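One structure below.
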Amino acid sequence: MADPAIELQTVRKTYGGGVHALRDAALRVERGEIFGLLGPNGAGKSTLVKVLLTVVRATEVAGTLLGRPIGEKAPLARVGYLPEHHRLPPYLTARQAVEFSGALSGVARVDRRRRAEALLDRVGLGHWKDRRVSTFSKGMRQRAGLAAALVNDPELVFLDEPTDGVDPVGRKEIRDLLVGLRSEGRTVFLNSHLLSEAEQVCDRVAILLQGRVVREGRLDDLQRQGARQELVLRWHGPVAELPGCHDAGPVDGDPSVRRHVLPTLDPAAAQPAIDAARRAGAMVISLTPCREGLESLFMKAVTDPVTGRPLPPGASS
Amino acid sequence: MTQLLAILVDTYRELSSRRLFWLSLALSALVVLGFALVGINEEGVQIVGWTLDIPFLNTRNIEAGEFYKLTFYGLGVRFWLGWLACLLALVSSAGLFPEMVAGGTVETLLARPVARSRIYLFKFLGGLLFTALQVTVFCVASFLVIGLRGNAWEPGIFVAVPMVTILYSYLFSVCALLGTWTRSGIAALLLTVLFWGFLFMLNVSEQMVNSFRLARVEELAAIDRTVEKRRQKDASVDISDLQAEREQGETGLEKLRTAHRILFMAKTVLPKTDETAALVQRWIVDAANLGDVSEEDAQGEGETPQRRRGRGSFGTTRARESDVRKAIERDMESRGVLWIVGTSLLFEAVVLGLGCRHFARRDF
């Protein structure tokens with residue numbers, strides 16, 4: 001198996017005043033996947049990315065980035081980064097800004113010119129290449145920022161809220177771009193609090209809370225953990241016990257219509273329950289496979305199971 | 001190298017995108033134009049078509065080329081480049097470092113395969129380009145004016161380019177540190193100007209105290225000469241008044257020496273902006289061709305040595321003013337380039353080191 005793009009064994013970051021932004025967070029990002037780091041505001045997502053990119057110095061860190069120890073500068077030549085609320089130099093044109101970004105990553109002049117041209121076309125700024133960034137809308141600046149993050153032909157791209165300020169059409173285009181990057185074999189590390197977007201593009205996700213990774217895994221696997229089938233029946237007599245199901249109560253307050261839950265997505269597992277229900281004189285209204293949505297997974301992860309209230313996101317002393 | 005060159009070019013682009021950059025260049029052009037409109041002839045100073053009859057400032061006392069070089073130094077280097085252009089450059093570039101460390105910008109710089117200290121130093125060098133470019137343009141224009149009007153093609157004036165850039169670099173290093181530290185262009189500018197004002201006051205104080213000290217030394221020498229003369233006339237003459245005067249002078253001299261030593265030490269560890277600018281004059285203006293204008297002028301006015309003796313400068317009553325002035329000039333000239341520029345650059349290196357350290361260790 002190839003080296004992971006990121007293997008973070010542990011990271012701690014404590015700011016002055018004893019504020020713990022990250023506490024023993026660990027995660028692994030495989031090459032060629034879109035990885036989503038999710039978490040409420042203040043959970044430490046941006047700090048984690050900044051530690052990986054040497055923008056913030058960790059109190060303690062162990063792990064590798066593109067096969068080199070985290071903190072080394074050399075692998076950053078193969079990394080692209082679009083920070084949240086990034087500011088491209090307003091006095092530069094889009095082309096100059098992208099080329100400047102390439103130059104900072106050590107890309108040769110000929111290559112960065114060629115790539116800037118192609119990338120600006122790719123992000124939909126083909127007609128705006130020679131306009132100053134200061135004249136751009138927020139969405140256009142975001143697109144230019146994406147082009148700047150990709151100009152060094154990176155193996156690994158960190159995108160912090162890439163669709164921030166972008167209209168729905170633009171969001172779709174950016175999602176398509178991310179999928180395109182993955183198909184080119186690049187690794188995308190997506191920092192986002194837009195769960196629906198992450199759900200549409202991510203292969204794997206991690207949920208960060210209070211500076212720790214509280215859930216991590218393939219999106220399919222995580223969603224499968226809460227997967228179930230819901231069997232809705234109308235009972236004409238007393239409610240019978242059904243094999244493999246539990247009675248989840250009446251639907252819409254009607255005691256004769258009840259929801260029965262099977263904790264599996266396997267349709268074969270539902271057949272004995274349906275047969276038993278029919279034998280007891282019940283009418284099958286519906287059988288619905290249900291997967292846990294990312295939002296539901298997220299809310300479970302960030303909610304105190306005892307009080308049912310959201311947990312504080314992090315940065316506590 | 002690609003990265004560092006990119007930072008230099010970007011800094012230049014950032015500065016040249018500001019109106020102040022072009023305003024400074026336009027003002028430089030105006031200063032050179034003003035410079036070109038002033039001339040010198042046998043009667044005096046000529047401004048456009050009018051001649052101001054100045055007895056000691058004419059081609060009989062000073063060569064036209066020297067006059068232009070003096071004007072270039074006094075008006076161009078000392079006044080324009082040494083003060084106003086530097087101030088404009090500071091105003092224009094004070095925001096460079098705060099903007100570099102602003103959220104959204106600094107991340108894209110730091111997440112690169114370049115050491116932070118290099119980013120800091122090359123941003124600093126890029127900032128110096130502003131001044132170097134302005135000074136070069138000014139010097140080229142002045143070179144043409146001196147050559148065409150004074151018939152003195154003097155490549156030596158280009159020494160002003162490195163010297164003024166060095167002078168500005170002392171201040172800009174402080175501005176860069178403060179900008180990185182406070183993240184505010186206005187705070188960085190105000191504090192740097194305050195620091196510059198402090199350097200100016202320190203320099204004035206040191207030069208005043210030094211002048212008084214040297215005048216007092218000359219005064220004691222004059223007393224000794226008077227004692228000698230009196231004794232030559234009459235060995236038994238009463239010189240108690242002179243001895244009392246000498247004792248009093250020595251006490252005062254000791255206090256001046258102590259005060260000067262403290263001020264001189266403070267100056268040694270701090271940048272010497274004024275003296276750095278003065279080096280340009282030392283190198284480009286040939287004092288031998290200027291003559292002793294003030295002395296000739298004084299004699300021309302019919303002043304006698306006796307009359308001059310009583311006038312006294314810096315509290316002297318016996319020492320001749322010309323002796324005091326020469327002693328001060330000798331003392332100033334004895335201050336070498338190593339002391340003036342070397343120790344100032346040492347200060348700059350320390351400030352840059354602090355800035356690099358702060359930038360390298362800070363979380364953004």
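Convention: sequence-line order gives letters A, B, ...; per-chain numbering from 1. Please read all numbers here as calculations on a predicted model, not as lab measurements.
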Task: Pair listing, ring pair (Phe, Tyr, Trp, His ring centres under 6.0 Å) test, anchored in residues 32-73 of chain A, at least two apart - done: A/Phe35-A/Phe189
- [ ] Select one option (side chain, backbone, both, neither) describing which atoms of A/Leu82 are under 4.5 Å from chain B's heavy atoms.
- [x] neither
Open item on the list: With heavy-atom distances below 4.5 Å as the criterion, would you say the side chains of B/Asp10 and A/Tyr91 are in contact?
Closed with: yes
Task: Least distance between heavy atoms, B/Arg116 atom then A/Val56 atom - done: NH2-N, 4.2 Å
Task: chain A neighbours within residues 107-114 of chain B, where any heavy atom lies under 4.5 Å away - done: B/Glu107, B/Thr108, B/Leu109, B/Leu110, B/Ala111, B/Arg112, B/Pro113, B/Val114
- [ ] To the nearest 0.5 angstrom, please state how far the NZ atom of A/Lys73 sits from the CZ atom of B/Arg118.
- [x] 12.0 Å
Task: Residues in residues 354-364 of chain B that sit under 4.5 Å from chain A, counting heavy atoms only - done: B/Ala360, B/Arg361, B/Arg362, B/Asp363, B/Phe364
Open item on the list: Is B/Leu5 close to chain A through its backbone or its side chain, or both, or neither, when contacts mean heavy atoms under 4.5 Å?
Closed with: neither
- [ ] Scan for ring pair (Phe, Tyr, Trp, His ring centres under 6.0 Å) pairs involving residues 37-61 of chain A, sequence neighbours excluded, and state none if there are none.
- [x] none
Open item on the list: How about CZ on A/Arg114, more than 12 heavy atoms from neighbouring residues, nucleotides or ligands closer than 6.0 Å, or not?
Closed with: yes
Task: Minimum heavy-atom distance B/Ala102-A/Arg87, with the two atoms named - done: CB-NH2, 3.1 Å
Task: Structural part of A/Thr47 lying under 4.5 Å from a heavy atom of chain B - done: neither
- [ ] With a 4.5 Å cut-off on heavy-atom pairs, point out which of A/His86, A/Arg57, A/His85, A/Lys50 contacts chain B the most.
- [x] A/Arg57
